[in-house]
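Naming: A, B, ... by sequence-line order, numbering from 1 per chain.
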Protein chains: 2
Amino acid sequence: MVTDDLVLGRQVCFALYAASRALTDVYRPILDEFGLTYPQYLVLLVLWERGDDVPTVSELGAALRLDSGTLSPLLKRLEAAGVLVRSRSARDERRVEVRLTDAGRALRERMCGVPLRVARATGLTEAELIGLRDTLTRVTETIHRQREK
Amino acid sequence: MVTDDLVLGRQVCFALYAASRALTDVYRPILDEFGLTYPQYLVLLVLWERGDDVPTVSELGAALRLDSGTLSPLLKRLEAAGVLVRSRSARDERRVEVRLTDAGRALRERMCGVPLRVARATGLTEAELIGLRDTLTRVTETIHRQREK
DNA sequence: AGCAACTTAGTTGCGCACAACTTAATCGGT
DNA sequence: ACCGATTAAGTTGTGCGCAACTAAGTTGCT
């Protein structure tokens, strides 16, 4: 029966939407201790990971799948907070390079316990977390691959 | 090493955030045909499911885990679009009852193919979808149970 | 060299999410 | 019956997320 497919509880989409917001709820008070929002934290993860390989705004966007409409004001706030600096590339004035400040690098040490605190709140085992992550990653990549055609 | 835990690709949180947005990307053009956004569609799912059991704003909020700050303007837009009507309860003037119009009920038939179209775009089998949904639902409930303490 | 096509960031506008607050109605204890 | 506490919906303000657009710089073709 077609009708049953429309029931809220049966939809994977709602489960994904609800779980994503629930996890953000877990992050919020934790990240609040550091004056960060969740998307801002994701930007820092990319910058920490890159190290000396300084990304541009669009490279950050490729990593997080966010466009300049989202990133420009977000990066402006992170710059105002003193964790990073934006500067035009000398060899290509269109590009803006995003560099951590010392304060931004120092945050990495202070926040190293965050992922574990969040993982515990999910109530899943490590194996379940890995399985979940891999399934989700596969879904995301399938969708993006189809959109590129 | 603590450092490895902070790498973006290893984080379940990012996988969840990315998958949720990717799935919304799948919905957007489909729902656009009906003039709806994704959260608006979720509200309709609840209303269709309830049938004659007319929910209040806060009952909708409990089903979708959204507060009046989100729902009030959203419902106002759906009312302006003609798919539902809001009216103060006669027996408790604080409550606002949310009722489908004929147009809102008619949308259900027109949209019955939507879930299947979206499910196909994920590239997962039916069994994988069910497994994913159940894992996500478990995560969400674990988090909410902990928050209530 | 000149110029059209493209790339990169940024801006604007809209719709969520959510915290904090306001307003109005109901409940509960005395 | 009164009045403080609670409940329900709405409002305000902030920060995403994304579409559409703008401004400025670079590339490539002739």
Side-chain angles (χ1 to χ4, degrees), chain A residues 14 17-29 31-32 35-44 55-81 84-98 144 147, chain B residues 14 17-29 31-32 35-44 54-62 64-81 84-98 144 147:
Chain A
F14 177 70
Y17 167 80
S20 181
R21 285 193 298 128
L23 203 55
T24 306
D25 287 343
V26 174
Y27 272 101
R28 193 170 298 108
L31 295 180
D32 215 49
L36 295 173
T37 65
Y38 180 63
Q40 289 169 7
Y41 171 67
L42 293 180
V43 167
L44 289 183
T56 63
V57 172
S58 54
E59 282 166 356
L60 281 174
L64 301 172
R65 298 197 175 271
L66 293 171
D67 68 4
S68 67
T70 300
L71 284 174
S72 286
L74 188 157
L75 293 171
K76 200 185 283 185
R77 283 185 285 270
L78 283 176
E79 188 169 34
L84 57 79
V85 175
R86 292 178 300 161
S87 56
R88 289 279 166 186
S89 163
R91 71 169 52 135
D92 185 344
E93 292 273 338
R94 290 172 305 180
R95 293 165 179 271
V96 167
E97 294 165 347
V98 181
H144 286 132
R147 292 196 82 65
Chain B
F14 177 70
Y17 167 81
S20 181
R21 285 192 300 127
L23 204 55
T24 307
D25 286 344
V26 174
Y27 272 102
R28 193 171 299 108
L31 295 181
D32 214 49
L36 294 173
T37 65
Y38 180 64
Q40 289 169 8
Y41 171 66
L42 292 180
V43 166
L44 289 183
V54 176
T56 63
V57 172
S58 54
E59 282 165 355
L60 281 174
L64 300 173
R65 298 195 176 274
L66 293 171
D67 67 4
S68 68
T70 300
L71 284 175
S72 287
L74 188 157
L75 293 171
K76 199 185 284 186
R77 282 185 286 271
L78 283 177
E79 188 169 34
L84 57 80
V85 175
R86 292 177 300 160
S87 57
R88 289 278 165 189
S89 163
R91 72 169 53 131
D92 185 343
E93 293 272 340
R94 290 172 305 180
R95 294 166 178 270
V96 167
E97 295 164 346
V98 180
H144 287 132
R147 291 196 82 64

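Atoms CZ (A:R95) and P (C:dT7) sit 12 Å apart, rounded to a whole Å. Rounded to whole Å, the distance from CG on A:L71 to C1' on C:dT8 is 12 Å. Atom CD in A:E59 sits about 9 Å away from atom P in C:dT8, given to the nearest Å. When the P atom of C:dT7 is taken as reference, atom CG of A:D92 falls 12 Å away, rounded to whole Å.
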Could you tabulate the donor-acceptor pairs under 3.5 Å formed by side-chain atoms of residues 73-81 of chain A, not counting sequence neighbours?
residue, atom, partner, partner atom, Å
A:E79, OE1, A:R86, NE, 3.1
A:E79, OE1, A:R86, NH2, 3.2
A:E79, OE2, A:R86, N, 3.0

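In this structure, A:S72 reaches the C:dG10 phosphate: one of its side-chain N or O atoms is under 4.0 Å from OP1 or OP2. Residue A:R86 places at least one side-chain N or O closer than 4.0 Å to OP1 or OP2 of C:dG10.
With a cutoff of under 4.0 Å to any heavy atom of chain A, the contacted region of DNA chain D is bounded 5' to 3' by D:dG15 to D:dT26.
From B:R95, atom CZ reaches atom CD of B:E59 across 6.0 Å, with rounding to the nearest 0.5 Å. Separating the CG atom in A:L71 from the CG atom in A:L64 is a distance of 6.5 Å, to the nearest 0.5 Å. Atom CZ of B:F14 is separated from atom CZ of A:R65 by 8.0 Å, given to the nearest 0.5 angstrom. Between the CD atom in A:Q40 and the CG atom in A:L84 there is a gap of 9.5 Å [rounded to 0.5 Å]. Atoms CG and CZ, on B:L66 and A:R21 in that order, are 4.5 Å from each other to the nearest 0.5 Å.
Using a 4.0 Å heavy-atom distance criterion, B:S58 is classed as a sugar-phosphate-only contact.
Using cut-offs of 30° and 60° on the angle between ring planes, the pair A:Y17 and B:Y38 is perpendicular.
Using a 4.5 Å cut-off on side-chain heavy atoms (C-beta onward), A:D67 and A:T70 make contact.
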Scoring nucleotides 14-19 of chain C by protein non-hydrogen atoms under 4.0 Å (B base, S sugar-phosphate only, - none) yields -SSBBB
